[in-house]
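What follows is a single structure, written as structure tokens, with notes after it.
Protein chains get the first letters and strands the later ones, always in sequence-line order, with residue 1 at the start of each. As the structure is a computational prediction, the values presented were derived from the model and not from experiment.
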Amino acid sequence: QPAKFAPYQKALREIRYSLLPFANESG
Amino acid sequence: MAEAITSRMSFTSLKRKQPKTFTVRIITMDAEMEFNCEMKWKGKDLFDLVCRTLGLRETWFFGLQYTIKDTIAWLRWIKKVLGHDVPKEEPVTFHFLAKFYPENVEEELVQDITQHLFFLQVKKQILEEKIYCPPEASVLLASYAVQAKYGDYDPSVHKRGFLAEEELLPKRVINLYQMTPEMWEERITAWYAEHRGRTRDEAEMEYLKIAQDTEMYGVNYFLIRNKKGTELLLGVDALGLHIYDLENRLTPKTSFPWNEIRNISYSDKEFTIKPLEKKIDVFKFNSSKLRVNKLILQLCIGNHDLFMRRRKADSLEVQQMKAQAREEKARKQMERQRL
């Protein structure tokens, strides 16, 4: 079984990092 | 005079031959239509008419859904349309929806119309939070949805605020961050610009490829009670049956893949799953209603059939459809290059 979101891992990582500074404390 | 009598006679006989009909409203993900349905029509007659009208050939994924006493139900092919427990006021309304999901969207969804209907249905489920989608995947999905709708990004056309009226992210995701709508638009647009050159069909397919990797995609959940009386969730999907704790719909406690199940049956409210492996215990549970048991069994049979079919060679019809789709894609690509 290929890893989940395999071809999109790089894009997803970039988006995750870019959202990080704006995360609510509860989130 | 004789002519007049003849024409009047043929008109009368024509009138007499007109079968009795009732009006049916069909709601698809992006359209509504009405048909005159003959009283004697079975579910399959109506379904075939809808598929023909839509130009849809990959019919096996779809069904006509209605709701009865807060429980969803699907029209049965061999039963008369009016023989179902549907509200009898006209128009009798059904939702044309995907009932079964492919294991792999890219391999199995061939026609553009099929992909489009799946795209619209899955997008709705994600935005309505029926499917949990992590924030980063939600943003990437939104960018593909924008590409599908607006075509290539052009800053002279797609000016600030062009996404203001669009519903692009689940509310839960928006609430997780301290970001203004403008900041979300900026972020989504940055990724949208990356998808330059993707046609609507390609963008929708990328959307589905991401969505199919989310845990809740394509799973039908049912509240059940095991023999000890503990409430659990039963998930039915393309791969098999899954048992979940009430508070975790993402990771099943146990799974029964279709090829490891010997038999599934119910009597009254009790459901029995017999695994192929004799050493594994038979799993028994109760659902809330007999009507729900019927639905669970229908979904099991349909998903199991598709699971087995996928593991055999494609039928001639599917082979032909795939060849046509390949040709069409190549033609479109040539045209794009030429342009």
Least distance between heavy atoms, [X] atom then [Y] atom:
| X | Y | value |
| --- | --- | --- |
| Asn24(A) | Gln178(B) | OD1-CG, 2.9 Å |
| Asp213(B) | Ala6(A) | OD2-N, 4.2 Å |
| Arg187(B) | Leu19(A) | CD-CD2, 3.9 Å |

Does [X] have more than 12 heavy atoms from other residues, nucleotides or ligands lying within 6.0 Å of its [atom1]?
| X | atom1 | result |
| --- | --- | --- |
| Glu106(B) | CD | no |
| Arg160(B) | CZ | no |
| Met183(B) | CE | yes |
| Glu107(B) | CD | no |

* Interatomic distance, Leu20(A) atom CG to Tyr177(B) atom OH [nearest 0.5 angstrom] ->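 Reported value, rounded in 0.5 Å steps: 7.0 Å.
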
* For the atom pair CD (Glu186(B)) and OG (Ser18(A)), what is the distance rounded to the nearest 0.5 Å? ->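 Here the interatomic distance stands at 10.5 Å.
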
* Is there a donor in the side chain of Tyr8(A) and an acceptor in the side chain of Glu206(B), or the other way round, less than 3.5 Å apart? ->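 The answer is yes; a qualifying pair exists.
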
* Can you tell if the side chain of Pro135(B) reaches within under 4.5 Å of the side chain of Arg16(A), non-hydrogen atoms only? ->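 Answer no - side chains too far apart.
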
* Hey, are the side chains of Glu136(B) and Tyr17(A) touching, using non-hydrogen atoms and a 4.5 Å cut-off? ->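 SC-SC contact between Glu136(B) and Tyr17(A) ruled out.
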
* When you look at Phe5(A) and Thr214(B), which way does the side chain to side chain contact (heavy atoms under 4.5 Å, CB included) test go after all the steps? -> CA-CA 8 Å; Phe5(A) 305 118; Thr214(B) 56; 4.0 Å; yes

